[in-house]
Structures are given as C-alpha cells and as structure tokens.
Amino acid sequence: MDLAQALLDGNRRALAQALTLVETGGPQARSLLSALFAQTGRAHIIGVTGAPGAGKSTLVAALAAYWRRAGRTVGIIAVDPTSPFTRGAILGDRIRMQTLSGDPGVFIRSMASRGRLGGIARATGDAVALLDAANFDVVLVETVGAGQGEVEIAAAAHTTIVIETPGAGDDIQAIKAGILEIADLLVVNKADRDGAEQTVRQLRAMLSLADPPADGWTPPVLTAVAMRGEGIEAIATAAERHLDYLRNSGRFTGREQERAAHELRLILQETALERVRARVSPSEWEALIAQIVARTLDPYAAADHLLERGLSHSGE
Amino acid sequence: MDRPIRVLIAKPGLDGHDRGAKVIARALRDAGMEVIYTGIQQTPQMIVEAALQEDVDVIGLSILSGAHMTLLPRLMELLRDHGMHDVLVVAGGIISDDDARILKEQHGIAEVYGPGAPTHEIVRFIQERCETRT
Ligand code: B12
Ligand SMILES: Nc1nc2c(ncn2[C@@H]2O[C@H](COP(=O)(O)OP(=O)(O)OP(=O)(O)O)[C@@H](O)[C@H]2O)c(=O)[nH]1
Ligand SMILES: [Mg+2]
C-alpha cells in the first residue's frame, strides 16, 4: 500500500503509521515527507507552551472543541518529556482531551521528546507536516512543560500561545525573558484563582517596558478558565487575528522563511550525521574517539575528517 | 528494533481504581517504553480510537469493576473491525481464573494478571512478545 496516498485519502491508520515512521526517522521517513511536501502549507500551526500543569492540555482541548464547532478540522501533537535515564516516557496529555473522542474531525497524537531539549521532539515539525498534508485546518502543538529555554516551538509554529497562571506573578520579573519573547498571545489561565488580574497587569507592564515588538504585533494578554471553557472564544479569535496580521503585513513569508531555514538546518544536521555513520565503521568511529580522549587528535579535526568522508561521492 | 515499544494503558468501565494502572504505567516507562495513559472511564470505542491514533504496539487494560466479560470481548471485536490484529492486548485487575481462561482462549487477550502480579514479569512478557514486531 502506498502510505502517502492512503494518508492523503484520509485513512487514519495510515496517518498514524506515517507518524510512527517520521518519529523513527531514516531514509523511508524522508522519502515519505518528500512525497507529501507539495501538499503541506495550508494549516494554521499553533504552539501552546507554559509551565508544567499550567493547563496546556485543557486549553488545547477547549480550543479544538471551539474550532470544531466552527466547522474546522483539528490535528493535535502533544509532547511530553522522555526520561533521560530509562528512555521511557509517560504521555498523559490525552487524559484532558477525552471530550474530543469519537470526532473524526480531530486527530490526537502523543509524542515523547526523546532526548531533545527545546520543548518539542526532533520529529515534531515532521509530524505537523503530516497532519497538514492530511488536511487538518488547524494543527495545535502542546510542548513539554516549559521553563525558560524551551522556545523551539516558536520556530515551528505560526502563532505561539504562552500560558501563565496567577501567582507566577511574584517572580515574573525573573522568569522567562525567553519564553515571553516568543509569545504572540499571552493567556493567564486558572483565572478562577486569586491574583489573575494582578498577573495580567504585570504581564502588560512587562510588555510595555520591553522594546516595541520587532514585527509590529503587540501580544494581547487574555484570561481563561480552560477547565470550564471560559475565555476560549477570545483566544481562538486572537489566534486567527494573528494569522491575518501575519498575512496582511507580509510577515507570513518571513515566518515561513524562518520555519523553512530552521527545518533545513535540522534535516542537514541529521542527514550529514546519518551519512557519516553509514560510511564509517563502528571500529573506525571508536578509534577516532580514543584518539580524542588520548589528546592525539582534536574533535574539530576529527569532525572535518568525518564530514569529508561522509559527503564525498566516491566514499563507500 | 531501535524504536521504543509504545503502549496504551487504559481503564475501561466505570470504576475509579487507578492504582494498578498507574503502577503498570510507571513500570513500563522504567523499562524504556513510551506509555500513553488515558485515564479512567474509557469506553471500548475510546480505547480503540486512541490505540489507532497512537499506533501502539500494546494495549494494557486495567479493570477492577467486574464488567470485564462484556467490555473486553467488545473491545477485541472493535480491534478486529479496524484491522488491528497485530496489537498485543494484556489485561489486569480483579478477573477470576475462569474468566481469564475464556478471555485468552476465545477472545484473543494475550495474558491476564491479578493482584500481586510482579511487574517485572509483565515487563518481560511484553518485551518478548514485541521482539518480533515489524
Ligand atoms: C484500594 C481499593 C479501593 C480504593 C481505590 C483507590 C484508587 N484510586 O485506586 C477506593 C477506596 C477508592 C475503592 C473504592 C471502591 N472499591 Co475498591 N478496592 C481497593 C483494593 C483494596 C485494592 C486495589 C488496589 O489499588 N490494589 C493495588 C494495585 C497495585 O493492584 P491491582 O490494581 O490489583 O493491580 C495489580 C494487578 O491486578 C495487575 N494489573 C492491574 N491492572 C493492570 C493492567 C495491566 C495492563 C496489567 C498488565 C496488569 C494489571 O498488576 C498490578 C500489579 O500487581 C481492592 C481489593 C484488592 N485486594 O484488590 C478493592 C476492590 C477492587 N474494590 C472493590 C469495590 C467493590 C469498591 C467499591 C465499589 C466499594 C464501594 N462499595 O463503595 C468502590 C468503587 C469506587 C469507584 N469509584 O470505582 C472490590 C471490587 C469487586 C469486584 N470487582 O468484583 C474489591 C476487589 C474489594 C472486594 N474484595 O470486594 N477501592
Ligand atoms: N482551577 C483551574 N484548574 C485548571 C484550569 N485549567 C486546567 N486546570 C487544571 O490544572 C491541572 C493541569 O492541567 P493540564 O491541562 O493537564 O496542564 P498541562 O499544562 O497540560 O500539564 P503538563 O502537560 O503536565 O505540563 C488539571 O488538574 C486541570 O484540571 C483552570 O482554568 N482553572
Ligand atoms: Mg499537558
């Protein structure tokens, strides 16, 4: 069976198997993605990030339900961390997405970060491309519970939603220069708790102190009680407005260029490493490592040598 | 196979006994598996849909409510309807030996574990059965 064609025909099992394939990586995965590339570029890709337990999954489910009512189809990728010790993972985001069950206009996939540190997995961008090709209008990506460094989502999404919660207020100055900078929308979730208004004020103050945004979009600060579906319509509308803004201001092309450059760099790194490993025997590899450890060879020279081998046409 | 084993742990039926499911989820995670946990009160339809989307190698069902003789055969039937014959299904909880035998012989559940079942045995069973997967 042709996996790419089955996926385009709307076969959900084929989509699921294609997702496994791109997660595993390798030449077959790349040829699948090549075959589907022309069918991508339609979906609105939205990243949702924030601290562990901030309500990312609950908000993603509520946004998905909103867009379903508006007649749009929704794909979801939910990333959770892999244990660095066992390589295992517990992926629990679906627990909060049960209300979407049984809807053929929704497809949810959990993904382990598999050692990647940026808040998403190596293959998250590829997975988004598959959902895009499979004709989902909106693709929501939930990152792992993020602190400050997990900002890679901004390079993978058109619109990035950052979730804060009341009480984060006290240390708000110290937090997340990085994570606030990537926000196209700020949501103070759990607004049923004390201090939400204060957190909103602090976030707005921080935004007004910051340099005027380079792309001319000032992130709105919105409140939500995701658990009860409150504030969802305003968030969804703001996300749509952000996409319109990107398109009308010509920034969309800029974002697409950033996304393409980011992806190309990742693919290049991965392919180069794979070619080198294919042409260099494990014993040769070990020997180079031993030389580096013995300080008879520096790692930069070793890398140059390997790259020449890996990229030369004659090698084999 | 260099890809991690993917397992869906789900609780069919209406009971809230989730300790066993969580113990198993953690044991499988610690053995290097990727475990999707979907929580309590799942219908067979919900479980099969999640297993399909997640493309899991294994479904682990935890059931302590006594409703296993209706829910588990229904679930196996739905799996067959979706062509998911290759998914390994194991179950645990409060299931009598007689029921366990019927579930295995007539409905295609691979193994059934009761209270006190050592988690390392469950891990080993899943690993062995998944060695030959494609
Ligand atoms: C703790 C407990 C509770 C706790 C549950 C807390 C929780 N969040 O889990 C509380 C107090 C809430 C509770 C409530 C009730 N309980 Co209760 N409860 C128990 C008890 C004492 C222990 C269960 C437990 O947690 N064991 C520890 C875990 C680790 O063991 P386990 O679940 O058996 O899991 C092991 C194996 O079964 C297997 N396994 C389990 N799942 C899976 C899944 C997979 C994939 C695999 C491979 C293996 C596997 O591996 C595990 C490790 O060895 C049992 C009696 C017993 N001895 O089993 C009764 C028991 C399960 N409860 C029972 C009942 C009737 C109830 C109530 C209806 C009581 C009432 N009348 O109110 C309520 C129902 C509540 C509800 N909403 O569903 C009955 C069920 C009877 C039946 N099915 O025929 C039992 C058997 C007691 C009895 N002898 O009557 N209960
Ligand atoms: N009080 C309150 N609780 C909420 C709200 N939204 C979500 N929660 C609860 O917060 C907890 C965490 O919610 P999740 O949606 O799982 O949060 P998350 O950010 O996805 O968590 P991780 O994926 O583990 O990082 C759950 O118990 C939710 O029910 C809200 O608006 N108000
Ligand atoms: Mg979550």
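Residue numbers start from 1 in every chain, and the chains themselves are labelled A, B, ... in the order their sequence lines are given, proteins ahead of strands. On a predicted model such as this, the values are computed, not experimentally measured, just so you know.
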Checklist entry - With distance as the sole test, does Glu34(B) use its side chain to make a donor-acceptor pair with the main-chain N or O of Met111(A) at under 3.5 Å? => result no
Item to check | Heavy-atom pair of closest approach, residues Leu52(B) and Ala16(A) | outcome: O-CB, 3.0 Å
Item to check | Atom of Arg94(A), atom of Ala50(B) and distance for their closest heavy-atom approach | outcome: NH2-CA, 3.6 Å
Checklist entry - Hey, is CG on Asp97(B) packed in by over 12 heavy atoms from elsewhere, all under 6.0 Å? => result no
Item to check | Distance-only donor-acceptor check, side chains Thr86(A) and Asp30(B), under 3.5 Å | outcome: no
Item to check | Toward chain A, the part of Met33(B) with a non-hydrogen atom under 4.5 Å | outcome: backbone
Checklist entry - Is the closest basic N to carboxylate O distance between Asp86(B) and Arg13(A) below 4.0 Å? => result yes
Checklist outcome for this item: Looking only at Gln42(B), Glu54(B), Arg6(B), the option with the highest number of non-hydrogen pairs under 4.5 Å against chain A is Glu54(B)
Item to check | Max heavy-atom pair count under 4.5 Å with chain A, selected residue of Thr43(B), Val35(B), Ile40(B) | outcome: Val35(B)
Checklist entry - Between the side chains of Ser101(A) and Glu49(B), is a donor N or O closer than 3.5 angstrom to an acceptor N or O? => result yes
Next on the checklist: Around atom CG of Leu273(A), are there more than 12 heavy atoms from other residues, nucleotides or ligands closer than 6.0 Å?
Outcome noted: yes
Item to check | Exam field: side chain Gln53(B) to backbone Arg109(A), donor-acceptor pair closer than 3.5 Å | outcome: no
Next on the checklist: Within the structure provided, determine whether Ile95(A) and Tyr37(B) are in side-chain contact (heavy-atom separation under 4.5 Å).
Outcome noted: yes
Item to check | Heavy-atom proximity to chain B below 4.5 Å, by part of Arg114(A) | outcome: side chain
Checklist entry - Should we say atom CZ of Arg30(A) is surrounded by more than 12 heavy atoms from elsewhere, each under 6.0 Å from it? => result yes
Item to check | Glu284(A) atom CD, neighbour heavy-atom count above 12 within 6.0 Å | outcome: yes
Checklist entry - Roughly how far, to the nearest 0.5 Å, is the CG atom of Leu21(A) from the CG atom of Asp55(B)? => result 10.0 Å
Item to check | Enclosure of Arg68(A) CZ (heavy-atom neighbours >12, cutoff 6.0 Å) | outcome: yes
